[in-house]
Protein chains: 2
Amino acid sequence: MTLPDTVLMGVKPVIRELAAGETLFAAGDAARGFFLVRSGRMRLVRFSAGGRETALFVAGPGERFAEASLFAETYHCDAVALIESSVACFPKAAVLTLLQANTSATMDLMADLARQVMDLRAALTLRDIRSARERVLAYLVARAGRDGRTISIDGRLKDVAAAIGLTPEALYRTLAQLEAEGAVRRGEDSITLT
Amino acid sequence: MTLPDTVLMGVKPVIRELAAGETLFAAGDAARGFFLVRSGRMRLVRFSAGGRETALFVAGPGERFAEASLFAETYHCDAVALIESSVACFPKAAVLTLLQANTSATMDLMADLARQVMDLRAALTLRDIRSARERVLAYLVARAGRDGRTISIDGRLKDVAAAIGLTPEALYRTLAQLEAEGAVRRGEDSITLT
DNA sequence: CGCTTCATTGACACACATCAATGACAGTGG
DNA sequence: CCACTGTCATTGATGTGTGTCAATGAAGCG
């Protein structure tokens, strides 16, 4: 989820700390560059004519946002800190210069973007599965390791639930049911398909 | 959703026609390049140890898939035609050569990928809105034109429904309700927020 | 003209969200 | 060292919002 080292190390980012509710940039502002969340949570919002607010994206630690600003003159939404946050700003000019000079960094960044596109599409396809049971199974299959059976669970289950668009309760119940049926086996930090 | 002209025109794609159910490539095959759906519908699937099949992505006309194969040795899933389909294959070597030679094409492709990432994230965030009413409103705000009020509907409403993860019926009902409340006004090929 | 697809509305059921309660566990501070 | 606090995991009870099935009209099309 972080930038390839070549780019991160090649461009020195500017660190910016934000209080909860503080605005990082607004729609129409000149695009300074893209950002990486170091801590906290940034919310990208767009406003309709009637003042209605809509979240386009919520970025957590390690996630980048506003990458497309590298190729645009201005930002097209507002970025507001949901909670106290720290972000790294990668200046547009410096990044573009680096990309023109260093083809290796360019390829790395492009590879990273291509992988993100695939991951996001997979996540989106997962959401099209209505049934919690089938969605969980699909998630497990997609995340299975080399043996095609074992899935390591790094964080908390509630984060997994959020990642696949279920409430924690729905995930707990589904996993319990799958285990009762013998479809999966649960370990300490892992789940195994059977 | 289609590749920038510079890349499309710079690399001559190989056209491949597939019957329903025919396999384009399988996991483990050497990566030949990425593809663009010209017509039909391609399904990217992964199989678990138990033979369980999971769709990672379904690509429709105008959509690309397997872009990450440019940066990988082999494919990591199977691509099967869901219905009779025609795809354009952009050979890996030719694309990479072009990207190294032509920085303009590289920037175009990267800009396209960055935009896709943002779009996909926005789509994913949209799916986190449970309520059909709120989700439809958020979609409309996000797709509003320059005035922030008018949304042009190109295709059919059922496609819109699929794009936001609702059944056509749910969308019809929601729009009817919003119109009845006076929240939106519906034109021939457009919807206006009020 | 049939035939197909889309848009629309109705009726109904069920799966999941929601609210609630409990136990386990880690961290914290007196 | 032990209450105290907060979070997560888990399970139960309940309601409702969508999905699903179904029927109709309208529009395009060969």
Go nucleotide by nucleotide along DNA chain C from the 5' end; which of B:Leu175 and A:Gly165 gets its closest nucleotide reached first?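 In this pair, the answer is B:Leu175.
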Does B:Thr167 have a side-chain nitrogen or oxygen under 4.0 Å from the phosphate oxygens OP1 or OP2 of D:dG19?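 True: B:Thr167 side-chain N/O within range (under 4.0 Å) of D:dG19 OP1/OP2.
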Has A:Arg186 got a side-chain N or O lying under 4.0 Å from the OP1 or OP2 atom of D:dA9?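 No, no such contact exists.
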Do the side chain of A:Thr194 and the main chain of A:Ala183 share a donor and acceptor less than 3.5 angstrom apart?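 Side chain of A:Thr194 to backbone of A:Ala183, a donor-acceptor pair under 3.5 Å: yes, one is there.
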Side-chain donor or acceptor of B:Thr174 paired with backbone N/O of B:Arg133 under 3.5 Å: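 Looks like no, no N/O pair under 3.5 Å.
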Taking the side chain of [X] as its heavy atoms from C-beta onward, which of [options] lies nearest to it?
| X | options | value |
| --- | --- | --- |
| A:Ala170 | D:dG19, D:dT10, C:dA17 | C:dA17 |
| A:Ala176 | C:dC16, D:dG19, D:dT11 | D:dT11 |
| A:Leu157 | D:dT11, D:dA9, C:dC16 | D:dA9 |

Euclidean distance, atom [atom1] of residue [X] to atom [atom2] of [N] [Å, nearest integer]:
| X | N | atom1 | atom2 | value |
| --- | --- | --- | --- | --- |
| A:Ile153 | D:dA9 | CD1 | P | 10 Å |
| A:Tyr172 | C:dA20 | OH | C1' | 15 Å |
| A:Glu179 | D:dT11 | CD | P | 9 Å |
| B:Glu169 | C:dT9 | CD | C1' | 10 Å |
| B:Lys158 | D:dT20 | NZ | P | 14 Å |
| A:Arg156 | D:dC8 | CZ | P | 5 Å |
| B:Arg173 | D:dT16 | CZ | P | 18 Å |
| B:Ile129 | C:dA17 | CD1 | C1' | 16 Å |

Indicate, with a heavy-atom threshold strictly under 4.0 Å, whether A:Arg130 touches base, sugar-phosphate, or nothing.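 The residue A:Arg130 makes sugar-phosphate contact but no base contact.
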So, applying side chain to side chain contact (heavy atoms under 4.5 Å, CB included) with B:Val80, which one of B:Leu18, B:Leu44, B:Thr23 is it?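 Of B:Leu18, B:Leu44, B:Thr23, side chain to side chain contact (heavy atoms under 4.5 Å, CB included) with B:Val80 is met by B:Thr23 alone.
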B:Arg185, CZ atom: more than 12 neighbouring heavy atoms under 6.0 Å: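 Counting other residues, nucleotides and ligands, CZ of B:Arg185 stays at 12 neighbours or fewer.
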How are the rings of A:Phe35 and A:Tyr75 set relative to one another: parallel (under 30°), tilted (30 to 60°) or perpendicular (over 60°)?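 Correct class here is tilted.
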